[in-house]
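In this text the structure is predicted, and so the values were computed from the model without any measurement. Every number for a ligand or one of its atoms is a count from 1 in the order of the listing. Values below: all heavy atoms of this structure, side chains included; hydrogens, waters and symmetry mates excluded.
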Amino acid sequence: MSSIKENLSQIKEHLSDDVTLVAVSKTKPLENLHEAYNAGQRIFGENKIQEMTQKWEQMPKDIAWHMIGHVQRNKVKYMAEYVSLIHGVDSLKLLREVNKQAKKHQRTINCLLQVHIAEEDTKFGLNETELRAIAASEEFQTLENVHIKGLMGMATFTDSETQIRREFKKLKSLYDSVQNDFGTLSILSMGMSGDYKIAIEEGSTMVRIGSSIFGARNYQ
Ligand SMILES: *Cc1c(COP(=O)(O)O)cnc(C)c1O
């Protein structure tokens, strides 16, 4: 089996300088994160706030922590002090809470709005109408402690490359078309271990990769 360091360098060969790699370390022990850190990785993604907070407490402080999972409003307060980017914002209500908690810590929290692009309905996210409604809402303009940096989406879990590509294309075109509604967007977060190469071809600027770096996850 290849090491985390080898996996990272192999993946990086496929990434140009304008694509950011988020190492998705959810469920993985600290020693795995240290190995990635020692290989130079400084951005880690987690999907549970409690687990991310424990890791943030124990890992070096120059790491940027990305929340990539579905966020419950009552837990935002636990990550507001340190989270660097929240990928999965899918409502104005959640944005309001992030803004409130960010303000308490006198910071601005960067967020992505999660868009539902998959043709299966098990994944979270906004549709185009809801996305545009947020941009147009008066309340959104008043939220001074959140900064919408871009969009995030997950393609259907399928072997069909045609379908995955179609879904990524849809997200990229939405990203282009809402550019000015949110100020200027710079992050399009799409692509995971199984589909990041297609995502990059379709315009991704940020990939979230877990199992190809750390190996398969073991959910107990
Ligand atoms: C787990 C997860 C990933 C990483 O998945 P891999 O297939 O292991 O690369 C990416 N994005 C989200 C939102 C995830 O929950």
Distance filter under 4.0 Å to [X] heavy atoms, resulting ligand 1 atoms:
X: G210; result: 4 (C), 6 (P), 8 (O), 9 (O)
X: M154; result: 13 (C)
X: R217; result: 1 (C), 5 (O), 6 (P), 8 (O)
X: R208; result: 4 (C), 9 (O), 10 (C), 11 (N), 12 (C), 13 (C)
X: S193; result: 6 (P), 7 (O), 8 (O), 9 (O)

Quick check on E57: does its CD atom have over 12 non-hydrogen neighbours (other residues, nucleotides or ligands) under 6.0 Å away?
yes
Within reach of ligand 1, part of H87 (heavy-atom separation under 4.0 Å)
neither
For the residue pair E81 and Q101, establish whether any side-chain heavy-atom pair is separated by less than 4.5 Å.
no
Do the non-hydrogen side-chain atoms of E167 and T156 ever get within less than 4.5 Å of each other?
yes
Out of I213, I209, I68, the nearest non-hydrogen contact to atom 13 (C) of ligand 1 is supplied by I68
Just need the protein heavy atom nearest to atom 5 (O) of ligand 1, so name the residue and atom and give the distance.
M192 CE, 3.5 Å
Nearest protein heavy atom with distance in Å, relative to atom 15 (O) of ligand 1
K26 NZ, 2.7 Å
What are the two closest heavy atoms between S204 and L188, and how far apart are they?
OG-O, 3.4 Å
If every non-hydrogen atom of Y37 is compared with every non-hydrogen atom of R42, which pair is closest and at what distance?
O-NH1, 2.8 Å
Under the criterion side chain to side chain contact (heavy atoms under 4.5 Å, CB included), which of L112, L126, L131, I117 is the partner of L151?
L131
Is E202 salt-bridged to K172, cutoff N-O under 4.0 Å?
no
